[in-house]
Each structure stands twice: as structure tokens, then as C-alpha cells.
K.L.:
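Okay, here's the structure, questions in a sec.
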Amino acid sequence: LVDGVSQGTSPTSPFAVDYDTRERLDGALVVTVIATDVVGNTSSCSVTVTVDNVAVAVSPASLNLKSKGKSKSVTAHLEGENLALLLPTEAAAIEIHVPGGNPVPATADWSGDDALSDSDGDGIPELTVKFDRQLLIAAVKAAQAGGYVGSDSRVDCTMRAGGGFVIGTDSLKIVGK
């Protein structure tokens with residue numbers, strides 16, 4: 001069973017059932033094995049595993065809290081086999097989270113939004129997601145006010161879909177006060 005749903009049976013040794021993690025978003029899942037002997041006795045064992053098929057890189061790598069102008073967005077570059085599950089990005093409700101700050105929703109309807117590519121030629125799909133820089137700065141400032149993030153430090157930014165599924169995490173250097 002994967003998250004309580006049967007994935008098949010394996011009546012002969014070696015006991016195995018295939019499960020393609022690329023068909024779901026990243027995050028925790030529970031794998032349960034139920035063994036039944038020839039007289040019908042059963043025993044089960046469960047383990048929680050984390051699916052992590054998406055790489056996330058946020059740019060720029062540092063966020064100046066005094067920033068007011070030039071670039072209006074912070075960009076997340078995603079790479080992974082299951083990115084089509086995040087399209088359209090608006091329906092996937094992609095957000096970036098800073099510990100102690102408000103979630104920042106992905107910017108919708110910009111040129112290139114929802115376009116999968118393979119710019120590095122490795123055969124693995126890539127997706128670019130943008131976030132409003134000023135909203136992210138406000139989230140970091142709220143996190144600082146709550147004591148979750150120090151000034152001139154690094155903060156882990158977690159991207160989530162649908163409010164729960166973790167897409168990935170990257171670290172931003174925070175500068176300015």
C-alpha cells in the first residue's frame with residue numbers, strides 16, 4: 001500500500017511491487033507491506049518515506065530587504081520529472097514559505113508562465129516560477145519580527161503546492177535591515 005492505496009501483490013519471492021514516485025508531488029508518503037502466510041495469518045509493517053524528485057534554486061541567491069526597485073520578482077527554477085503535475089501553476093497554488101512569515105503566492109500570467117523547458121539539455125523538465133519581491137521581503141520582515149529569522153543571515157525558503165505538498169527548499173541570504 002502507498003498512502004493506503006493498494007499498488008498490487010507479489011505472490012512469489014523476491015517480493016516486489018513497482019511504484020513510480022514521479023506520478024505524485026514531493027513530500028511524505030506511507031508505504032505499508034502486508035505479508036500473508038499459507039494459512040492466512042497476516043503481519044504488516046509501515047514506514048514513512050520522503051519523495052524528493054524536484055530540485056529548486058531560487059535567484060537571486062540573496063535578498064536585500066532595502067530593495068525597492070529594479071527587479072520586481074524573485075525567481076524559482078525547478079527541475080524534475082514530475083513538474084507537469086504543477087501545471088497550470090495557478091491551479092497548483094504554488095507558494096514560497098519563510099518560517100514565521102506569510103506565504104507568498106506565485107505570480108500568475110507572465111510571459112513564460114507554465115512553460116516547461118529543458119535549457120540544460122539533460123532530458124529533465126524545468127519550470128520557472130516567479131514571486132513578488134516586495135511580498136517576499138514583507139514575509140522575511142515578519143519572520144524577523146517574530147524572531148524566526150535573524151538579520152544578515154540565511155533563511156530556508158520552502159516552496160509548496162496546494163498548501164501542503166513540499167516542492168523543494170532553497171536557502172536565501174538576507175541582507176539589510
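Note that this is a predicted model, so its numbers are computed, not measured.
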K.L.:
Locate the shortest heavy-atom distance separating G101 from A142; write the atom from each residue and the value.
P.N.:
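So the minimum-distance heavy-atom pair works out to CA-CB, 4.4 Å.
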
K.L.:
Going through the distances and angles, do V30 and V47 end up as a side-chain contact (heavy atoms from CB on, under 4.5 Å)?
P.N.:
CA-CA 6 Å; V30 178; V47 64; over 6 Å; no

K.L.:
Does G176 offer a backbone N or O that forms a donor-acceptor pair with the side chain of N64 under 3.5 Å?
P.N.:
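Side chain of N64 to backbone of G176: no pair is present.
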
K.L.:
Please name the residue in the list E81, R22, R24, E79 that meets the side chain to side chain contact (heavy atoms under 4.5 Å, CB included) test with N53.
P.N.:
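Of the listed residues E81, R22, R24, E79, the side chain to side chain contact (heavy atoms under 4.5 Å, CB included) partner of N53 is R22.
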
K.L.:
Return the NE2 to CG distance between H97 and D156, rounded to the nearest 0.5 Å.
P.N.:
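Those atoms lie 14.0 Å apart.
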
K.L.:
Answer yes or no: is there a donor N or O on one side and an acceptor on the other, between the side chain of N102 and the main chain of A139, under 3.5 Å?
P.N.:
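Such a contact is absent between N102 side chain and A139 backbone.
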
K.L.:
Rounded to the nearest 0.5 Å, how far apart are OG of S153 and OH of Y148?
P.N.:
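Atom-to-atom, S153:OG and Y148:OH are 15.0 Å apart.
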
K.L.:
Salt-bridged, K130 to D113, with N to O below 4.0 Å?
P.N.:
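Salt bridge between K130 and D113, a charged N being under 4.0 Å from a carboxylate O: no.
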
K.L.:
How about CG on D122, more than 12 heavy atoms from neighbouring residues, nucleotides or ligands closer than 6.0 Å, or not?
P.N.:
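Above 12, so yes.
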
K.L.:
Taking a hydrophobic cluster as the set of Ile, Leu, Val, Met, Phe, Trp and Tyr residues connected by side-chain heavy atoms closer than 4.5 Å, whether directly or through intermediates, do M159 and V166 fall within one such cluster?
P.N.:
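The answer is no; the residues belong to distinct hydrophobic clusters.
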
K.L.:
Taking the side chain as every heavy atom from C-beta outward, state whether V129 and L78 have any pair of such atoms under 4.5 Å apart.
P.N.:
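Yes; the side chains approach each other to less than 4.5 Å.
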
K.L.:
Taking L29 as the starting point, is it possible to reach I34 by hopping between hydrophobic residues whose side chains are less than 4.5 Å apart?
P.N.:
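Different clusters.
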
K.L.:
Would you say L65 ends up clustered with V98 if hydrophobic residues are merged whenever their side chains have heavy atoms under 4.5 Å apart, either directly or through other cluster members?
P.N.:
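They do share one cluster, since a chain of ILVMFWY contacts under 4.5 Å joins V98 to L65.
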
K.L.:
State yes or no: do V149 and I96 share one hydrophobic cluster built from I, L, V, M, F, W and Y residues joined by side-chain heavy-atom distances below 4.5 Å, directly or via other members?
P.N.:
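In one cluster: yes.
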
K.L.:
Determine, step by step, whether F165 and I94 satisfy the side-chain contact (heavy atoms from CB on, under 4.5 Å) criterion, reporting the C-alpha distance in whole Å, the side-chain angles of both residues, the deciding distance to 0.1 Å, and the verdict.
P.N.:
CA-CA 9 Å; F165 286 102; I94 297 174; over 6 Å; no

K.L.:
Mind listing the closest non-hydrogen atom pair of G8 and S6 along with its distance?
P.N.:
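Result for this residue pair: N-OG, 3.3 Å.
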
K.L.:
Start with the C-alpha gap between T128 and T75, add the side-chain angles, then the distance that decides, and say whether side-chain contact (heavy atoms from CB on, under 4.5 Å) holds.
P.N.:
CA-CA 7 Å; T128 300; T75 304; 3.3 Å; yes

K.L.:
For A16 versus S10, what's the shortest heavy-atom pair and its separation?
P.N.:
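For A16 and S10, the tightest heavy-atom pair comes out as N-OG, 3.0 Å.
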
K.L.:
Compare every heavy atom of A28 with every heavy atom of D3, then report the nearest pair and how far apart it is.
P.N.:
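Scanning both residues completely, I find the closest heavy atoms to be OD2-O, 4.4 Å.
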
K.L.:
Between CG of L116 and CD of E126, what distance do you get to the nearest 0.5 Å?
P.N.:
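One finds 9.5 Å between CG of L116 and CD of E126.
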
K.L.:
Strictly by modelled atom types, are D114 and T89 linked by a side-chain donor-acceptor pair under 3.5 Å?
P.N.:
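There is such a pair between these side chains.
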
K.L.:
Answer whether the closest heavy-atom distance between the side chains of E90 and D109 falls below 4.5 Å.
P.N.:
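Contact flag for E90/D109 side chains = yes.
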
K.L.:
Please report the interatomic distance OG1(T158) to CG(D170), rounded to the nearest 0.5 Å.
P.N.:
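Here the interatomic distance stands at 10.0 Å.
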
K.L.:
State, yes or no, whether a side-chain contact exists between L85 and L87 at a heavy-atom distance under 4.5 Å.
P.N.:
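The answer is no; the side chains never approach within 4.5 Å.
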
K.L.:
Is there a side-chain contact between L136 and L63, using heavy atoms and a 4.5 Å cut-off?
P.N.:
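Of all side-chain heavy-atom pairs linking L63 with L136, at least one is under 4.5 Å.
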
K.L.:
Should P99 and V155 count as side-chain neighbours, where that means a heavy-atom distance under 4.5 Å?
P.N.:
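Yes. Closest side-chain heavy atoms under 4.5 Å.
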
K.L.:
A quick test of your reading: do over 12 heavy atoms of other residues, nucleotides or ligands sit less than 6.0 Å from OH of Y19?
P.N.:
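Correct, the count exceeds 12.
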
K.L.:
If only atom types and distance count, is the side chain of Q134 paired as donor or acceptor with the main-chain N or O of D132 below 3.5 Å?
P.N.:
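Side chain of Q134 to backbone of D132: no pair is present.
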
K.L.:
Under a 3.5 Å cutoff, is there a donor and acceptor pairing between the side chains of R133 and S73?
P.N.:
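No, S73 and R133 have no side-chain donor paired with an acceptor closer than 3.5 Å.
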
K.L.:
To the nearest 0.5 angstrom, please state how far the OG atom of S46 sits from the CG atom of L1.
P.N.:
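Going from OG on S46 over to CG on L1, the span is 7.5 Å.
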
K.L.:
Do L135 and V140 belong together in a cluster built from hydrophobic side chains that touch within less than 4.5 Å?
P.N.:
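Same hydrophobic cluster.
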
K.L.:
Looking at every non-hydrogen atom in both residues, tell me the closest pair between E95 and P103 and how far apart they are.
P.N.:
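Heavy-atom minimum between the residues: OE1-CB, 3.5 Å.
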
K.L.:
Rounded to the nearest 0.5 Å, what separation is found between the OG atom of S59 and the CG atom of L172?
P.N.:
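Those atoms lie 9.5 Å apart.
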
K.L.:
With a 4.5 Å cut-off on side-chain heavy atoms, are V58 and V74 touching?
P.N.:
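They are in contact (side-chain heavy atoms under 4.5 Å apart), so the answer is yes.
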
